[in-house]
Engineer: 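The structure under discussion is supplied below as structure tokens; questions concerning it will follow.
We count residues from 1, following the sequence as given. All values below were derived from every heavy atom in this structure, side-chain atoms included, with hydrogens, water molecules and symmetry-related copies excluded.
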Amino acid sequence: MTKAVKPDAEQPYFETPTHIPSGSDHQIPHSHRLVYRDHDVIVHLTGYEYETFGETLWAVGAEVVKDLEIVVPVEVDQEQHYRSYDEARDRGIELGKHLVDALQGC
């Protein structure tokens, strides 16, 4: 297992998924933490800003940490992006809870 470290707020935590179009003017990394079934779920989000289109597309991943050890490395949603931060965060929370449930055999 790997020690968990606090994500750098200036750097995206994962590579750009293929469903994100190229040409982003700016990337906005963010993370959200929650506790679920005695595990820390870290939801990693990256917003890809497109000034030409006036929109931001969000990619999301989640990892599971217990006692400062990464027990499930970041798993990125490779299927779709989201047009709002809230929608991406909610998907990341759902993904993270699913990862914990799978760990516990639920």
Engineer: What heavy-atom pair brings Gly96 and Val64 nearest, and what distance separates the two atoms?
Structural biologist: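 For Gly96 and Val64, the tightest heavy-atom pair comes out as O-CG2, 4.2 Å.
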Engineer: Working to the nearest 0.5 Å, report the span between CZ of Arg83 and CD of Glu55.
Structural biologist: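 Here the rounded value is 4.5 Å.
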Engineer: Check whether any side-chain heavy atom of His44 lies under 4.5 Å from a side-chain heavy atom of Ser31, and answer yes or no.
Structural biologist: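 Yes, close enough: below the 4.5 Å cut-off.
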Engineer: Please check: side-chain N/O of Asp25 versus main-chain N/O of Glu51, any donor-acceptor pairing under 3.5 Å?
Structural biologist: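 Yes; judged by distance alone, with no hydrogens or angles, the pair exists.
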Engineer: What's the shortest heavy-atom distance between Val76 and Pro17, and which atoms?
Structural biologist: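 Reported closest heavy-atom pair: CG1-CG, 3.8 Å.
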Engineer: Can you tell me how far the CD atom of Gln78 sits from the OG1 atom of Thr18, to the nearest 0.5 Å?
Structural biologist: 6.0 Å
Engineer: Between Lys66 and Asp40, does any side-chain N to carboxylate O distance fall below 4.0 Å?
Structural biologist: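 Salt bridge absent between Lys66 and Asp40.
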Engineer: How about His30 and Tyr85: are their ring centres within less than 6.0 Å of each other?
Structural biologist: yes
Engineer: About how many Å separate NE2 of His39 and CG of Asp67, when rounded to the nearest 0.5 Å?
Structural biologist: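 If I round to the nearest 0.5 Å, the distance is 8.5 Å.
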Engineer: If you measure from OH on Tyr50 to OG on Ser22, what distance do you get to the nearest 0.5 Å?
Structural biologist: 7.0 Å
Engineer: For Ala62 versus Leu99, what's the shortest heavy-atom pair and its separation?
Structural biologist: O-CD1, 3.7 Å
Engineer: Considering only heavy atoms from C-beta outward, does the side chain of Gln104 approach that of Arg37 to under 4.5 Å?
Structural biologist: yes
Engineer: So how far is it from Thr46 OG1 to Leu57 CG, rounded to the nearest 0.5 Å?
Structural biologist: 12.0 Å
Engineer: Does Asp77 use its side chain to pair, donor to acceptor, with the backbone of Glu79 at less than 3.5 Å?
Structural biologist: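 Flag set: sc Asp77 to bb Glu79 pair under 3.5 Å.
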Engineer: Less than 4.5 Å apart, any side-chain heavy atom of Val72 and any of Leu103?
Structural biologist: yes
Engineer: Rounded to the nearest 0.5 Å, what separation is found between the CZ atom of Arg91 and the CD1 atom of Ile93?
Structural biologist: 11.5 Å
Engineer: Looking at every non-hydrogen atom in both residues, tell me the closest pair between Ala59 and Tyr48 and how far apart they are.
Structural biologist: CB-CE1, 3.9 Å
Engineer: If only side-chain N and O atoms count, and only distance matters, is there a donor-acceptor pair under 3.5 Å linking Gln80 with His19?
Structural biologist: no
Engineer: Is there a donor in the side chain of Asp101 and an acceptor in the side chain of Tyr36, or the other way round, less than 3.5 Å apart?
Structural biologist: yes
Engineer: Under 3.5 Å, is there a donor-acceptor pair linking the side chains of Tyr82 and Asp90?
Structural biologist: no
